[in-house]
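Note sheet for the following structure.
Just so you know, these numbers use all the heavy atoms, side chains as well, and skip hydrogens, waters and symmetry mates.
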Amino acid sequence: MKKVSFIICSFLFLSIGCKGNVAQQSVTKPEQQQVSPIEVPSQDGLEYAYFASGCFWCVEAVYESVKGVKEVVNGYSGGHTKNPTYEASNTGRTGHAEAVEVLYDPKVISFSELVTVYFGSQNPTQVNGQGPDRGSQYRSIIFYQNKKEQKIIEEKKAELAKKLNANIAAEVLPFQKFWKGEDYHQNYERLHPNQSYIRNVSVPRLKRFQAKFPELLKDQQH
């Protein structure tokens, strides 16, 4: 995704991801579905939510544009190893997906609306990736911290499947742990606007989302 030029990535689109990883099947294990979710305590009235949907640079930029969102952190979740790194997660063997931690104000934006943002800012039918990014580390996962969140997610997923008459690729998993990514991955789209992947993949994805949901954007995004 990020170490190979966008032109090369596009050429290899049908068979491998931008990092040269062969597309892999989902690595979610049955026991991951059976564990109880961990609920993250609120912070000064703000809540946390966790999502995975392809490249975390793209997902970070989307959620940063949403009203009520105070901060978005890039990292890794959904896997079985401790202290995952970018290089290790790229192999697909850690089980982790690139994910984001969203800190938001529930008085301004609800968890339900964040789930709407999630499904509305991706290709919901693409398995193990988004766009040119292929592999289990780019799979879509939406994490829940309690039964209420799980119900919201599953209902919206079912509605979307019915609307599209298609299978929705996103896994629905109980949240366990979020590992913060390396510092150089944080605020990447904002800090590197001229990087080829950002210009050719992240920004178009962000603009498509903003055009679909203007009512969910921060004031400066209108």
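With sequence neighbours left out, the side chain to side chain contact (heavy atoms under 4.5 Å, CB included) criterion links Pro37 to Tyr144, Pro174. Checked against ring-ring contact (aromatic ring centres under 6.0 Å, His included), Phe51 has the following partners two or more places apart in sequence or in another chain: Tyr63, Tyr118. For Glu155, the salt bridge (Lys or Arg N to Asp or Glu O under 4.0 Å) partners at least two apart in sequence or on another chain are Lys151.
Separating the CZ atom in Phe143 from the NZ atom in Lys177 is a distance of 13.0 Å, to the nearest 0.5 Å. One finds the CD1 atom of Ile198 at 6.5 Å from the SG atom of Cys58 (value rounded to the nearest 0.5 Å). Glu113 contributes atom CD, which lies 8.5 Å from atom CD of Glu215 (distance to the nearest 0.5 angstrom). Atoms NZ and OG1, on Lys82 and Thr94 in that order, are 14.5 Å from each other to the nearest 0.5 Å. The distance from the NZ atom of Lys67 to the CG atom of Asp105 is 11.5 Å, given to the nearest 0.5 Å. Residue Lys156 holds its NZ atom at 13.0 Å from CD1 of Ile168, rounded to the nearest 0.5 Å.
Using modelled atom types, one side-chain atom of Gln145 and one backbone atom of Val40 make a donor-acceptor pair closer than 3.5 Å. Side-chain N or O atoms of His96 include one that pairs as donor or acceptor with a backbone N or O of Thr81 at under 3.5 Å. Formation of a donor-acceptor pair under 3.5 Å by the Gln176 side chain with backbone atoms of Ser36 is found in this model. Looking at Thr116, its side chain does come within 3.5 Å of a backbone N or O of Ser112 through a donor-acceptor pair. In this structure a side-chain-to-backbone donor-acceptor pair under 3.5 Å is present from Gln186 to Gly181. Proximity of a side-chain donor or acceptor of Lys70 to a complementary backbone N or O of Leu46 within less than 3.5 Å is not detected. Between the side chain of Arg93 and the main chain of Asn90, no donor-acceptor pair closer than 3.5 Å is present. At least one donor-acceptor pair closer than 3.5 Å links the side chain of Lys218 to the backbone N or O of Glu64. Between the side chain of Lys212 and the backbone N or O of Gly120 there is at least one donor-acceptor pair closer than 3.5 Å.
With Phe56 as the fixed residue, the ring-ring contact (aromatic ring centres under 6.0 Å, His included) test singles out one of Trp179, Tyr188, Tyr138, Tyr76: Tyr76. Exactly one of Glu101, Glu39, Gln43, Glu71 qualifies for a side-chain hydrogen bond (donor to acceptor under 3.5 Å, both in side chains) with Tyr48. That residue is Gln43.
A pairwise comparison of heavy atoms in Ser140 and Gln122 identifies OG-OE1, 2.9 Å as the closest pair. Scanning both residues, Ile141 and Ala97, for their nearest heavy atoms gives CD1-CB, 3.9 Å. Contact record, Pro106 with Gly45: CD-O, 3.3 Å, taken as the closest heavy-atom pair. The two atoms that bring Ala170 and Lys157 nearest to each other are O-NZ, 2.5 Å, heavy atoms only. The shortest heavy-atom contact between Arg205 and Val59 is NH2-CG2, 4.0 Å. Taking each heavy atom of Arg190 and Pro193 in turn, the nearest pair found is O-CD, 3.6 Å.
Under the 3.5 Å distance criterion, with hydrogens and angles disregarded, a donor-acceptor pair is assigned to the side chains of Thr125 and Asn123. Under 3.5 Å, the side chains of Asn74 and Tyr86 contain no donor-acceptor pair of N or O atoms.
A single hydrophobic cluster is not seen to contain both Phe209 and Val108; linkage of ILVMFWY side chains at heavy-atom distances under 4.5 Å, directly or through other members, places them apart.
When side chains are defined from C-beta on, Asn167 does not count as touching Val127, because their heavy atoms never get closer than 4.5 Å. Contact check for Leu160 versus Pro124: side-chain heavy atoms found under the 4.5 Å cut-off. Side-chain atoms of Phe175 and Ser77, non-hydrogen and from C-beta on, do get closer than 4.5 Å to each other.
Classification of the Trp57-Tyr197 ring pair by plane angle, with boundaries at 30° and 60°, yields perpendicular.
Between Tyr104 and Phe111, the ring centre distance reaches or exceeds 6.0 Å.
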